[in-house]
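Written out below as structure tokens is the structure these notes cover.
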Number of protein chains: 2
Amino acid sequence: MTSPNEDTIASRISRILADRIVTGSLEPGSKLRQDHIAEEFGTSHVPVREAFRRLEAQGLAVSEPRRGVRVASFDLKEVREVAQMRAALEVLALRHAAPHLTSAILDRAEEATVAGDNSRDVRSWEEANRLFHTLILAPCNMPRLLTSIGDLHAASARFLFASWRSEWEVRTDHDHRAILTFLRQGNIENAAAVLERHVQWIGQKPVRNASGATREAFAIVG
Amino acid sequence: MTSPNEDTIASRISRILADRIVTGSLEPGSKLRQDHIAEEFGTSHVPVREAFRRLEAQGLAVSEPRRGVRVASFDLKEVREVAQMRAALEVLALRHAAPHLTSAILDRAEEATVAGDNSRDVRSWEEANRLFHTLILAPCNMPRLLTSIGDLHAASARFLFASWRSEWEVRTDHDHRAILTFLRQGNIENAAAVLERHVQWIGQKPVRNASGATREAFAIVG
DNA sequence: TAATCTGATATTATCTATAATTTTTCGTGC
DNA sequence: GCACGAAAAATTATAGATAATATCAGATTA
């Protein structure tokens, strides 16, 4: 949702690096060394630098002048921040999208919910979840808003992957179903209210550390 | 608010170009030719390209691969979109900032309001207005939210400059005063309500075209 | 002895110069 | 007036130079 042009080497690199950061294959705080990446992609380092600028704008990387670029770190405070921004913006989008929602779209959103409930791993659950939100929000026809929401979704997904990398248990998403029911009734206010609460729900889970100690992991699970 | 690193040539170029786009000295739709800009700043075109990527992420420029970069165009639809996004996000920020607002901050915000009321041109009015919003929102301590709001402010300012380039009449900002009054009373809900309405108020004004015809110009004036 | 400072070395980011494609422009012919 | 094609201009990428930062061994001091 954040790749306007998918033709240049720089955009390809930024897309692939964004995916690695989101899925956690590149760990928070790790350095992104431009000539290593350039070598991996068989290019020079100039397009790599352009990719860095885009990742920076998306909040996935932070750059210190003359000291290089690192994968952005995050903490519970930022998880909360992203959840609240998503709540505010997704409610706005839903209010504008609702009048344009067709039953065909809502059916596809329901399929996405089912797919999410049946997911056996985080990755496919996240994909289904993102599809659900995209389907019901895209008809708002507000490109700038959708881009912002897309970036926030990427951040959410990152938090999720960081917490539930391997263990994932099937959950039934009652919120998604409630939202769809309200939308089918034309009850936009209630649908928006559920959505607002839904994306601000922050799941927590004890995670065993490498040293054996356990800590609490947090993530947005909507 | 959107310049994390202010040390490299690329960031300097992006800041200056952003200012030109916002003030309208670079017109919407006009091409940004990298070697011309590189020559102007006495550099090569590589840092210019990095600056382009940042402008693109801020929504101030659009890039078509292999066809160059243009100053982003806008229309009434986007003015509305930005106004509504600002309303949603600034209300969120205010709710978190309010508990940390001191009377010293509110006094400075009042000074900014007075400065705005006394402004004789758009530029100084915009500066005072931005200061007001920044002062009452910054204590929310949510960096990602503040960055987004900053980008939206830049867009708003651009709409404003496009409409009221030369003619500007002094106006007294009753909304700002009402917000401050409510904040001093600790009445956060009313302050947020006024702010929400305030930034969504879209001013309109007949503007004489070059050919003599008049058209309506629109802008966010909060 | 431990800790800190100093300076040489190596690594890395940043920018310049240059080359290769692609797009646009513009003139010529039909 | 329209299509075609060569020339010009602009974007994109590469390779190489420069300057800043990190690393680490050795010296100095408490």
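To find a chain, count down the sequence lines: A is the first, B the second, and so on, and within it residues start at 1. Values below: every heavy atom of this structure, side chains too, minus hydrogens, waters and symmetry copies.
- The base of C:dC15 has none of its N or O atoms less than 3.5 Å from a complementary donor or acceptor on the side chain of B:H45.
- Spacing between atom CZ of A:R53 and atom C1' of C:dA13 amounts to 10 Å, rounded to whole angstrom units.
- Residue B:R67 places no side-chain N or O under 4.0 Å from the OP1 or OP2 atom of C:dT23.
- Rounded to a whole Å, the NZ atom of B:K31 is 8 Å from the P atom of D:dA10.
- For B:E64 and D:dA10, the CD to C1' distance is 14 Å, given to the nearest whole Å.
- Atom P of nucleotide C:dA13 and atom CZ of A:R70 are separated by 10 Å, given to the nearest angstrom.
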Distance-only criterion, 3.5 Å: show the donor-acceptor pairs between side-chain atoms of residues 103-111 of chain B and protein atoms not counting sequence neighbours.
residue	atom	partner	partner atom	Å
B:D107	OD1	B:R184	NH2	3.0
B:E110	OE1	B:R184	NH1	3.2
B:E110	OE1	B:R184	NH2	3.1

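- Atom CG in A:D35 sits roughly 15 Å away from atom P in C:dC15 (whole-Å rounding).
- For the pair A:I9 CD1 and C:dA20 P, the interatomic distance rounds to 16 Å; values are reported in whole Å.
- For the pair B:R49 CZ and C:dC15 P, the computed distance is 15 Å after rounding to whole Å.
- In terms of position on DNA chain D, the residue among B:R33 and B:V46 whose nearest nucleotide sits closer to the 5' end is B:R33.
- Ring orientation note: the planes of A:H198 and A:H133 are close to parallel, at an angle under 30° on the 30°/60° scale.
- Computed from coordinates, the A:I37 CD1 to C:dT14 P distance equals 13 Å when rounded to whole Å.
- At the phosphate of D:dA10, OP1 or OP2 sits under 4.0 Å from a side-chain N or O atom of B:H36.
- The two residues A:A112 and A:A128 have their closest heavy-atom pair at O-CB, 3.5 Å.
- The residue among A:R66 and B:Q34 whose nearest nucleotide of DNA chain D lies closer to the 5′ end is B:Q34.
- Checking A:D151 against A:S148 by side-chain atom types alone, no donor-acceptor pair falls below 3.5 Å.
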